[in-house]
Protein chains: 2
Amino acid sequence: MTNENSNPDQRPYHHGDLQRAIVDAALEVLSESQSTEFSLRELARRAGVSHNAPYKHFADKRELLAAVSAVGFEALARQMSDATRGLASPRERLAAMARAYICGGVNNPALYRLMFGGYLTDQQSDRPAIERTAAYRMKALVVGAISDGALGRLIPHTAANERMIDGAILIFWSQMHGLTLLLVDRLVGPGEAMRELSDIVLQGILDGLANSIPVLPEGAWVGPPLAGK
Amino acid sequence: MTNENSNPDQRPYHHGDLQRAIVDAALEVLSESQSTEFSLRELARRAGVSHNAPYKHFADKRELLAAVSAVGFEALARQMSDATRGLASPRERLAAMARAYICGGVNNPALYRLMFGGYLTDQQSDRPAIERTAAYRMKALVVGAISDGALGRLIPHTAANERMIDGAILIFWSQMHGLTLLLVDRLVGPGEAMRELSDIVLQGILDGLANSIPVLPEGAWVGPPLAGK
DNA sequence: CCGAAAAGTTGACAATAGCAACATTGAGCT
DNA sequence: AGCTCAATGTTGCTATTGTCAACTTTTCGG
């Protein structure tokens with residue numbers, strides 16, 4: 001029987017869930033320092049283990065950061081999902097998602113940069129499956145709102161509409177992504193006007209897309225590349 | 001008389017222009033490795049000087065990377081400027097700038113991320129003056145195209161139009177910025193369709209802005225914050 | 001022509017990433 | 001139970017790095 005509460009000061013040899021503890025510590029340090037340049041040893045210290053224990057769970061720092069990034073994607077997907085819960089109007093759902101997306105970035109720039117800043121992307125390696133899953137969930141939410149009429153008319157999610165929906169998402173996503181990063185980098189501001197600015201931009205997009213939606217060319221994709229290639 | 005060409009193999013005690021050499025080496029390594037995690041010592045080695053020589057020109061690594069970033073901003077400003085040279089149509093000028101911007105990012109993602117990825121932004125310190133200068137130049141080009149009629153009607157660059165022009169730039173810039181980063185991170189693709197995708201997106205924006213241009217609220221800004229605050 | 005400042009060098013220190021060898025524990029098998 | 005073994009954690013080590021301090025060589029202004 002493993003009872004790690006019996007003796008608070010006498011940590012058992014085995015931590016219980018170091019993997020989780022290390023990732024949590026990383027999220028903490030990342031939020032505090034807003035930098036990915038912390039040391040694995042620092043995390044080990046925070047978790048109260050020896051400097052090399054993390055290596056039993058992560059091959060190297062890159063792998064650890066990938067895990068942190070994955071947690072970030074899951075959190076973002078959840079926040080976007082939660083934000084739309086109970087909203088009947090598809091347009092309102094889309095707006096809520098956009099706000100949640102921007103908020104997520106502004107509230108933790110370093111995490112957002114880690115997620116999207118190509119720490120893994122640089123290598124030719126694919127993104128972890130868990131990230132892709134979260135990303136697909138986010139995309140599905142957006143697709144749902146669009147097909148439900150967020151752009152002024154119903155656009156059923158059929159094969160015929162696929163490239164048009166992707167066209168709309170390309171515009172919508174890149175606009176929100178860009179705004180988020182400009183806010184984060186304080187190249188537009190002030191941060192307090194985040195909500196106001198994002199609504200202005202969103203308004204512009206929705207109006208534009210209501211008039212005409214581009215169709216993506218053959219072979220173009222939006223979202224994390226499929227696993228195979 | 002200092003003649004550093006007289007004896008190729010006998011490097012003089014003083015390098016001549018180490019500052020420049022270090023920055024050049026950094027740009028090289030950055031382009032090759034697509035990562036800012038190189039060592040100052042590596043740069044010193046490449047420049048053929050001792051491991052501490054760079055510290056006579058840069059207080060620390062951050063300062064060196066700031067200098068690299070500044071060079072990147074200058075290059076980007078020049079590329080955008082060159083791209084518009086000789087184009088009479090303001091709309092074409094705007095499109096050319098957008099393409100140059102995106103190209104710059106896709107051709108050297110690591111540099112682009114360094115420039116916009118808040119290596120300096122994290123600290124409360126302002127961006128170097130040289131960066132702000134380049135940024136203002138870029139913004140001036142965009143303002144020029146817009147006021148010349150890139151959005152379908154002339155919008156003179158007057159105080160009355162200031163917040164409307166900034167509104168247009170907010171949309172235009174964040175859209176291009178987002179598209180660039182999504183391309184860089186391969187979250188949209190393929191890279192070969194860069195030109196096609198950016199033209200599609202640009203088209204959507206210009207059409208949208210031709211219909212209505214948002215007016216930014218009081219206190220909002222677009223571009224690097226002014227020096228004072 | 002001299003003295004100080006600029007530019008470069010050598011040597012040191014603490015911290016880090018990551019490897020290897022060793023120690024401890026718990027889970028499965030008999 | 002008792003044994004075994006893989007998972008987990010630890011200690012010790014090496015190579016590398018950022019940065020400081022002290023020293024040397026040039027260059028340049030007065």
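Within every chain, numbering begins at 1; the chains are lettered A, B, ... in the order of the sequence lines, protein sequences first and strands thereafter.
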Short N/O separations, protein against nucleotides 11-13 of chain C, under 3.5 angstrom:
{"from": "C/dG11", "atom 1": "O6", "to": "B/Asn52", "atom 2": "ND2", "distance (Å)": "3.1"}

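Applying the side-chain hydrogen bond (donor to acceptor under 3.5 Å, both in side chains) criterion to A/Arg163, with sequence neighbours excluded, gives A/Glu218. In this structure A/Arg195 satisfies the side-chain hydrogen bond (donor to acceptor under 3.5 Å, both in side chains) test together with A/Asp199, sequence neighbours excluded. Considering only residues two or more places apart in sequence or on other chains, A/Glu162 meets the side chain to side chain contact (heavy atoms under 4.5 Å, CB included) condition with A/His157. Qualifying side chain to side chain contact (heavy atoms under 4.5 Å, CB included) partners for A/Asn107, counting only residues two or more places apart in sequence or in other chains: A/Cys103. Every residue two or more places apart in sequence or in another chain that forms a side-chain hydrogen bond (donor to acceptor under 3.5 Å, both in side chains) with A/Glu131 is listed here: A/Ser69, A/Arg127.
To the nearest angstrom, P of C/dA17 lies 10 Å from CG of A/Leu64. Here the P atom of nucleotide D/dT16 and the NZ atom of A/Lys61 are 19 Å apart, to the nearest Å. Atom CD1 of B/Ile22 and atom C1' of C/dA7 are 12 Å apart (whole Å). Atom pair A/Phe58:CZ and D/dT8:C1' shows a separation of 14 Å (rounding to whole Å applied). A straight line from CD of A/Glu37 to P of D/dT17 spans 15 Å, rounded to a whole angstrom.
Where A/Asp17 and B/Tyr55 each meet DNA chain D at their nearest nucleotide, the meeting point lying more 5' is that of A/Asp17.
In terms of phosphate contacts, B/His57 brings no side-chain nitrogen or oxygen within less than 4.0 Å of OP1 or OP2 of C/dA6. Proximity of A/Arg45 to the phosphate of C/dT16: a side-chain N or O atom is located under 4.0 Å from OP1 or OP2.
Comparing C/dG8, D/dT19, C/dG18 by their nearest atom to the side chain of A/Asp60 picks out C/dG18. Comparing atom distances between the A/Ser50 side chain and each of C/dA17, D/dT10, C/dG8 picks out D/dT10 as nearest. For B/Leu40, taking side-chain heavy atoms from C-beta onward, the closest of the listed nucleotides C/dT9, D/dG18, C/dT16 is D/dG18. For A/Lys56, taking side-chain heavy atoms from C-beta onward, the closest of the listed nucleotides D/dT19, C/dT9, D/dG9 is D/dG9.
Backbone-only engagement by B/Phe38 is indicated by non-hydrogen atom pairs under 4.0 Å involving sugar-phosphate atoms exclusively.
A 4.5 Å side-chain heavy-atom check between A/Phe172 and A/Ile146 finds every atom pair outside the cut-off.
Relative to the ring axis of A/Tyr55, A/Lys61 does not place its NZ or CZ within 45° and under 6.0 Å from the centre.
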